[in-house]
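Just below is one structure, and these are the notes that go with it.
Computed from a prediction, not measured in an experiment: that's the story for all the values here. Lettering of chains follows the sequences in order, A, B, ..., and the numbering in each one begins at 1.
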Amino acid sequence: MDDVTAILDHMNPAQREAVSAPQGNMLVLAGAGSGKTRVLVHRIAWLMQAEGLSPYALLAVTFTNKAAREMRTRLEALLGISLRNVWVGTFHSIAHRLLRTHWQDARLPQHFQIIDSDDQLRLVKRLLKDHRVDDERFPPRQVQSFISGCKEEGLRPHQVDAHGDAYMAQMVELYERYQLTCERGGLVDFGELLLRSLELLRDNPALLAHYRERFGHVLVDEFQDTNTLQYAWLKLLSGMSTPMTVVGDDDQSIYGWRGARIENIRRFEQEFPGTKTVRLEQNYRSTSAILDAANALISHNSERMGKELWTAGDRGEPISVYAGFNDLDEARFIVDTLREKVDEGVNRREMAILYRSNAQSRVLEETLIRQGVPYRIYGGQRFYERLEIKNALAYLRLLLNRDDDASLERVINVPARGIGTRTVEVLRTRARQTEVSLWQALHDALLDASLKGRAATAVRAFSELIERLDNDTAGLALHEIIDHVITTSGLIEHHRSEKGEKGQARVENLEELVTAAKAFTQGESFEPPEAGEGGAALEAFLSEAALNAGDHEADEFEDCVQLMTLHSAKGLEFPVVFIAGVEEGLFPHKMSMEEPGRLEEERRLCYVGLTRAMRKLYLTHAELRRLHGKETFQRPSRFLRELPEEYLEEVRLRGQISRPVTASRPGPRQESVDGGADLPSLSLGQRVSHPVFGEGVILNAEGEGERARVQVSFEGEGDKWLVLGFAKLTPL
DNA sequence: ACGAAGATAGTTTTT
DNA sequence: CTATCTTCGT
């Protein structure tokens with residue numbers, strides 16, 4: 001590319017402004033479908049070609065591996081050069097890289113291992129047992145999230161103030177003990193990667209100076225999702241002097257519950273001097289009906305940074321709203337519509353069904369199966385999170401580090417080799433009392449004969465197995481090591497003998513692990529300091545497995561309808577989108593309805609959902625739904641009422657179209673349900689009296705004349721549908 | 001040491 | 001309802 005201005009070809013004015021701004025802090029408020037990634041990639045290209053930034057002076061940070069991969073690929077394609085070893089990666093992979101390189105300064109063992117949230121939870125559970133902490137009062141998950149939460153806030157145990165509260169004090173103590181366990185085992189969790197690398201830079205001025213010098217420009221994607229720690233990390237690294245380009249959308253901040261701080265993007269302009277803000281508001285994805293509806297919805301939120309999506313394209317079809325009698329009817333409508341679309345020539349992969357919570361997928365799946373529509377669920381368990389894979393990884397980790405208690409416990413009796421809970425308990429007690437690792441305790445116990453008989457034999461056999469695996473695999477290639485380990489440890493055989501298809505699948509997964517290792521050795525992008533022989537490759541592979549647990553996607557080939565939660569839909573787009581279960585209590589979820597802040601996050605989630613649709617959007621809800629085993633009357637979501645009716649059309653059975661959903665709209669523009677001359681005239685939200693059920697409020701209505709039905713919420717009696725022609729309702 | 005029966009809880013999940 | 005965990009029995 002000779003002429004740098006070619007980078008700006010085919011860009012709209014806002015995009016150009018963002019891409020070609022001179023170096024300096026910049027905030028790009030990138031609306032959904034506004035070409036965000038393109039701007040990011042072209043911005044980098046511009047910095048290099050117009051500003052002379054070296055690829056090695058670049059630091060580009062994302063949240064997901066997928067995003068990092070995409071950015072790297074697109075950048076390579078645009079620049080026509082390889083960007084291996086260039087600092088493009090997730091927060092965690094970059095922190096990891098820093099820690100591997102400077103493990104001594106970070107006060108970490110050279111071969112520290114990364115544990116994922118699952119390992120972390122196991123560790124916490126173990127801790128609670130060991131210290132006889134009541135796990136009713138301190139549920140492992142809560143303890144885990146407390147620990148992660150502290151780390152995300154950048155707090156070490158001694159920095160957490162319990163305010164004399166016994167409960168908090170206990171939590172802090174658990175955090176401290178957890179940290180000790182990790183230190184002893186050379187284990188680093190996700191939060192620790194970031195916190196430790198922050199401390200590494202903070203406490204080593206020379207190192208910090210080196211990196212500040214090195215990075216000429218820092219770019220951050222999805223800035224609205226950064227947590228306190230990540231924000232502090234960026235601030236430290238940039239030193240407020242290295243220019244930063246951050247890209248994000250406050251309206252798409254949906255991970256507050258995971259520690260993301262929407263304030264980070266809101267205050268960026270004030271905290272970083274001379275920040276130039278560019279808004280990308282032109283949308284290239286959706287019809288204007290969809291965009292206008294989404295704009296209207298999100299305008300109900302407060303403290304927005306302000307942004308309105310628009311398109312040069314057509315208004316398109318209205319948004320269809322379907323009210324099912326129950327969840328089955330809702331599913332039936334969706335699947336029928338899906339099939340009609342397929343008949344019209346739409347590919348199944350172009351259609352997605354989104355829902356708030358995973359439990360909702362069940363009814364949808366059943367209906368899809370019954371009607372023979374291929375589908376794929378996006379999400380669920382990932383490759384490196386599978387039990388059999390984690391077992392194999394645990395063996396591998398023991399090869400590198402015998403003191404990894406978590407891994408040792410995981411596989412000491414998998415496959416079963418006669419080491420029961422009794423024996424493990426003895427080892428644990430000993431390890432705790434003498435403050436050594438389980439592996440050490442195990443050998444001590446064998447030496448002083450406190451383990452005897454069958455237990456001793458079994459434990460010795462295990463110890464010898466690990467040593468033998470280590471010896472036998474010395475000098476082998478990575479995939480050979482893994483192959484040898486899963487065979488010799490008996491893992492393959494263990495799963496082969498499992499009954500059902502499950503065992504078969506597990507064996508296949510283990511074999512897949514060997515294949516993955518082979519691929520990893522070939523395509524490795526990050527070279528650790530002393531890469532080359534098997535051990536270093538194994539270490540890199542294990543880290544990779546923890547940091548990049550594998551994709552959710554599978555079979556690109558089969559043409560499947562996509563099912564996923566609204567959260568996992570972020571960043572994706574589909575020509576046809578269904579959002580199911582748009583009901584109060586479900587979406588917004590009842591757990592998030594009380595606090596205004598959380599309700600706004602639900603609304604942003606809805607905004608994300610709406611803006612996934614390119615051409616056609618369906619919103620469905622059910623009046624009656626099975627929830628937790630019992631039938632519940634559901635009211636349409638408030639979000640439906642927040643969409644302007646001019647963009648909506650209510651769909652009745654078999655595609656018949658009736659009036660807009662004004663039926664559920666309280667307020668000044670009430671539609672009345674006129675039952676006819678001799679029937680009472682009623683409106684929604686109105687109080688009525690019934691001879692049997694007493695007093696209630698009208699929630700919903702449908703139909704006309706004699707057959708019109710209204711849903712009334714009676715005090716003490718619950719919600720009921722009543723036919724106006726029969727029920728004796730008196731307006732109050 | 002494994003399996004069956006009972007108890008329990010039940011949003012969302014980038015790393 | 002149903003997935004998951006715990007406890008108890010063999």
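The distance from atom CG of A/Asp119 to atom C1' of B/dT15 is 13 Å, rounded to the nearest whole Å. Rounded to an integer number of Å, the gap from A/His589 NE2 to B/dT11 C1' is 4 Å. Per the geometry, CZ belonging to A/Arg417 stands 15 Å off C1' belonging to B/dA1, to the nearest Å. We find that CZ of A/Arg604 is positioned 20 Å from P of B/dT11, with the value rounded to whole Å. One atom, CD of A/Glu365, and another, C1' of C/dA3, lie 14 Å apart when rounded to the nearest Å. Distance A/His494 NE2 to B/dA1 P: 13 Å, rounded to the nearest Å. Atom-to-atom, CG of A/Leu354 to P of B/dT12 comes out at 14 Å; the value is rounded to the nearest Å. Per the geometry, CZ belonging to A/Arg97 stands 17 Å off C1' belonging to B/dT15, to the nearest Å.
Checking the phosphate oxygens (OP1, OP2) of B/dT11, no side-chain nitrogen or oxygen of A/Thr565 falls inside 4.0 Å. Contact annotation: A/Arg382 side-chain N/O to B/dT15 OP1/OP2 distance is under 4.0 Å. Contact between the side-chain N/O atoms of A/Asn413 and the OP1/OP2 oxygens of B/dA1 is found at a separation under 4.0 Å. A close approach under 4.0 Å does occur between a side-chain nitrogen or oxygen of A/Asn358 and OP1 or OP2 of B/dT12.
Side-chain polar atoms of A/Asp189 and A/Tyr178 form a donor-acceptor pair below 3.5 angstrom. With 3.5 Å as the limit, one finds a donor-acceptor pair spanning the side chains of A/Arg100 and A/Ser543. Counted by atom type alone, A/Tyr384 and A/Glu544 present zero donor-acceptor pairs between their side chains at under 3.5 Å.
Residues A/His131 and A/Phe138 keep their aromatic ring centres 6.0 Å or farther apart. With ring centers used as reference points, A/Tyr231 lies 6.0 Å or more from A/Trp233.
Residues A/Arg156 and A/Leu195 are in side-chain contact: their nearest non-hydrogen atoms beyond the backbone lie under 4.5 Å apart.
Which of B/dT13, B/dT15, C/dA3 sits closest to the side chain of A/Arg362 comes down to C/dA3. Distance from the side chain of A/Trp257 is smallest to B/dT13 among B/dT11, C/dA3, B/dT13. Which of B/dT15, B/dA1, B/dT12 sits closest to the side chain of A/Ser357 comes down to B/dT12. Closest to the side chain of A/His567, out of B/dT12, B/dT15, B/dC2, is B/dT12. Taking every side-chain heavy atom of A/Tyr255 into account, B/dT14 is the closest of B/dT15, B/dT14, B/dT11.
At the heavy-atom level, A/Ala546 lies nowhere under 4.0 Å from the strands shown. When heavy atoms are screened at a 4.0 angstrom cut-off, A/Thr62 is found touching no nucleic acid atom at all. Contact annotation for A/Ser592: base contact, defined as any heavy-atom pair under 4.0 Å involving a base atom. Looking at heavy-atom distances under 4.0 Å, A/Gly191 makes no contact with the nucleic acid at all. A/Phe91 comes within contact range of no nucleotide atom at all, as no heavy-atom separation falls under 4.0 Å.
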Could you walk me through whether A/Arg376 and A/Gln562 pass the side-chain contact (heavy atoms from CB on, under 4.5 Å) test, one step at a time? CA-CA 5 Å; A/Arg376 187 173 70 88; A/Gln562 318 279 310; 2.9 Å; yes

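Comparing B/dT12 with C/dC5, their P atoms are spaced 15 Å from each other, to the whole Å. One C1' atom belongs to C/dA3, the other to B/dT14, and the distance between them is 25 Å to the nearest Å.
The nearest heavy atom of DNA chain B to A/Glu601 and to A/Gly420 marks one nucleotide each, and the one closer to the 5' end goes with A/Gly420. Of the two residues contacting DNA chain B, namely A/Lys590 and A/Thr421, the nearest-nucleotide position lying further toward the 5' end is that of A/Thr421.
For A/Arg626 against C/dT2, no side-chain N or O and base N or O form a donor-acceptor pair under 3.5 Å.
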